[in-house]
There are 2 protein chains.
Amino acid sequence: MKATIYDVAKEAGVSIATVSNAINGKGKISKKRREEIFKIMERLQYQPSVIASALTGKKTFTLGLLIPDISNPFFAEIARAIEDEAHQSGYSVIICSTDNKDERVERYIALLESKSVDGIIIGTGIDNMDILSQLQSRSVPLAMIAREASSLAVDTVVADDFVGGVLAAEHLVSLGHKRLAVLSENLKVSSSRERIRGFRQGLADVGVSFDDNSIVICEYKVEEGKRGALELLQRGGERPTAIFCCNDLLAIGAIQAAKEAGVRVPEDLSIVGFDDTILATVTDPPLTTVAQPMEHMGKLVFKLILGHLQNKDSIRQRIVLRPELTIRQSTSHVAGEA
Amino acid sequence: MKATIYDVAKEAGVSIATVSNAINGKGKISKKRREEIFKIMERLQYQPSVIASALTGKKTFTLGLLIPDISNPFFAEIARAIEDEAHQSGYSVIICSTDNKDERVERYIALLESKSVDGIIIGTGIDNMDILSQLQSRSVPLAMIAREASSLAVDTVVADDFVGGVLAAEHLVSLGHKRLAVLSENLKVSSSRERIRGFRQGLADVGVSFDDNSIVICEYKVEEGKRGALELLQRGGERPTAIFCCNDLLAIGAIQAAKEAGVRVPEDLSIVGFDDTILATVTDPPLTTVAQPMEHMGKLVFKLILGHLQNKDSIRQRIVLRPELTIRQSTSHVAGEA
DNA sequence: TTGAAAGCGCTACCAA
DNA sequence: TTGGTAGCGCTTTCAA
């Protein structure tokens, strides 16, 4: 069987209390004992049981990460950053892909709670914010990434989605586009709403009109984006000359839709994405997109929630990172312009 | 504070043993008591602590998943499949991105063991197989996915990498290619070795010669693939007319290298990838690649390891899935042929 | 059918 | 400096 603290204590001829102290650097222990104990631990291949210590000490050194889908490169990259940072502090992270379904969110949260995770990082869209406020009232440390829960006092790291939207609008306008459309995922996702609001504002600022009918909503998958874009392209009336997509996956769908509809990108249709995942660099044409500093965001949320874990009454922070426009080849001057 | 089994027992006027039995469906309990207890649990929002029950010798319902990098779409998709399947059985999965570094593998394994995970699924390349055999000798349930550890008796799910290599070779040869090259990640990854072996065999079968110097090894990142492909393209002597890349990421690197070197794909250079991740569908041109049934593989490993957890002496299985060639537009007849 | 009590491995507090 | 010991929340005999 695996060695326990008792085995070590017996072997060293001391009490388990002393071994525990040695391990945790508590109390005073003579150097000699200390070294002796460590040597024995090594010989016995002793590894303290996090489970047992969690039952007393309280921490499990495990975090839950709620995201829509780990197979979405945006979240995979964020997850990687969080994981790296967490691992350095001895934390593990449990991934929970929710597909933005409240029902899954609730199941996962219950599971995470029963496993006594030390905190939960949330990057998933949630309809019913009560779920979160309940969590908070049960004093489970929370942090949000790439999503906002403005009704809650909770540590948050987001890119400035509004500014991102503005950036996209400005870019498109500067290329002479006047007939714009938007492809967005479910509006229950706060970041999507902000992006659209920013996009609108960016257009309004320079007097370009924008019609609400030009917004198409769909799920966050490529397939859906394609369907949505197709709808936009096949509508009666004048076709938009540019589409702002609320994430790279949808932008890819739009590119595919354009291909299928025989519309050239960027000559006949400019497309702007959001996120700047690895996908944006490999598409045909490479995607002009609003870049979020994913790695940085991931590392930051972990630091935030860690601060929270170490110091119960550390002050809540909301960190907003500025996105940047990465111009590639999916956007160009509107046809007929200089 | 969170409700405990004591609170429920007190409220119900029974002993904790009875509550425990009710929860776990053990022993005999009168229906009346049973229902009463459940009602109280609900009212108190009682959730049994997995931690505490794990300490009593039961399971933690947590699995570790070792992969090279969760931000690699291939592993992200596999992780998603495993996660879904696991969640259905009440299991959580902790992701561990190792970058194929033994040092990281060891750190993660130690962490997972100290957290008493019920099992570990391994999809990462490992140099020192002793790490695994030690794990096994400590009787930690193991399962491999997309990797082999032939020296160990362990549940395994892989695509038939050898056949995949053959498929790629046959396809290229059928297009008239004779000067072939290979771009592979580190050969310590068993699957890469097999793919190359299959590729070779496929060529040999039809009498096309292949020179070991045409194999370039690099890390698994796009950047590295690009560098490697560039080397291949800029060598003196005749340029290869086709490159077989051991995964999609490298294939993308190769596409980028070709662009940079002014070599057209597929007219001047055909490229075949491996995996068929989402990336393959969006590249320019879309990638011809050997498809692995990722979702299926993920679901299968979980089932395998679960069987192992539920029935200690379930027999070891090695499941080999047949890959398929997905032909897109990165391959074509060699220039000058019909 | 139900309950009392002995742990599981570890931490923390109080004595020695 | 050290050790004894009371839990942490739950499972599991063994009796009642």
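Within every chain, numbering begins at 1; the chains are lettered A, B, ... in the order of the sequence lines, protein sequences first and strands thereafter.
- For the pair E36(A) CD and dT2(D) C1', the interatomic distance rounds to 14 Å; values are reported in whole Å.
- Listed by chain and residue number, nothing satisfies the ring-ring contact (aromatic ring centres under 6.0 Å, His included) test with H308(B) (two or more places apart in sequence, or in another chain).
- Summarising the geometry, the separation between CG on D7(A) and P on dC8(C) is reported as 11 Å, rounded to the nearest angstrom.
- Contact check, T18(B) against dG3(C): a side-chain N or O comes under 4.0 Å of OP1 or OP2.
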*Classify every nucleotide of nucleotides 10-16 of chain C by which part a protein heavy atom approaches to under 4.0 Å, writing B for the base, S for the sugar-phosphate alone and - for neither, in 5'-to-3' order.*
BBB----

Check: residues 67-79 of chain B side-chain donor-acceptor pairs under 3.5 Å, at least two apart:
residue : atom : partner : partner atom : Å
D69(B)  : OD1  : R80(A)  : NE           : 2.8
D69(B)  : OD1  : S71(B)  : N            : 2.9
D69(B)  : OD1  : S71(B)  : OG           : 3.0
D69(B)  : OD2  : S71(B)  : OG           : 3.0
D69(B)  : OD2  : Y220(B) : OH           : 3.3
N72(B)  : OD1  : F74(B)  : N            : 2.9

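- Distance K10(A) NZ to dG4(D) P: 14 Å, rounded to the nearest Å.
- Within 4.0 Å of V19(A), counting heavy atoms only, lies no atom of the nucleic acid at all.
- Spacing between atom NZ of K2(A) and atom C1' of dC8(C) amounts to 13 Å, rounded to whole angstrom units.
- Legend: side chain to side chain donor-acceptor pair (under 3.5 Å) pairs involving residues 34-48 of chain A, not counting sequence neighbours, sorted by first then second residue: E11(A)-R43(A).
- Remark: side-chain polar atoms of T56(A) are paired, donor with acceptor, to backbone N or O of A52(A) under 3.5 angstrom.
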Tell me which donor-acceptor pairs under 3.5 Å the side chains of residues 292-301 of chain A have, and how far apart each pair is, sequence neighbours excluded?
residue : atom : partner : partner atom : Å
Q292(A) : NE2  : D275(A) : OD1          : 2.8

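- Distance from the side chain of R33(A) is smallest to dT2(D) among dG3(C), dC8(D), dT2(D).
- Applying the salt bridge (charged side-chain N to carboxylate O under 4.0 Å, His left out) rule to pairs touching residues 106-115 of chain A yields E113(A)-R138(A), sequence neighbours excluded.
- As rounded to whole Å, 9 Å separates atom C1' of dG9(C) from atom CG of L55(A).
- Atom P of nucleotide dC10(D) and atom CZ of F61(B) are separated by 15 Å, given to the nearest angstrom.
- Computed from coordinates, the K58(B) NZ to dC8(C) P distance equals 17 Å when rounded to whole Å.
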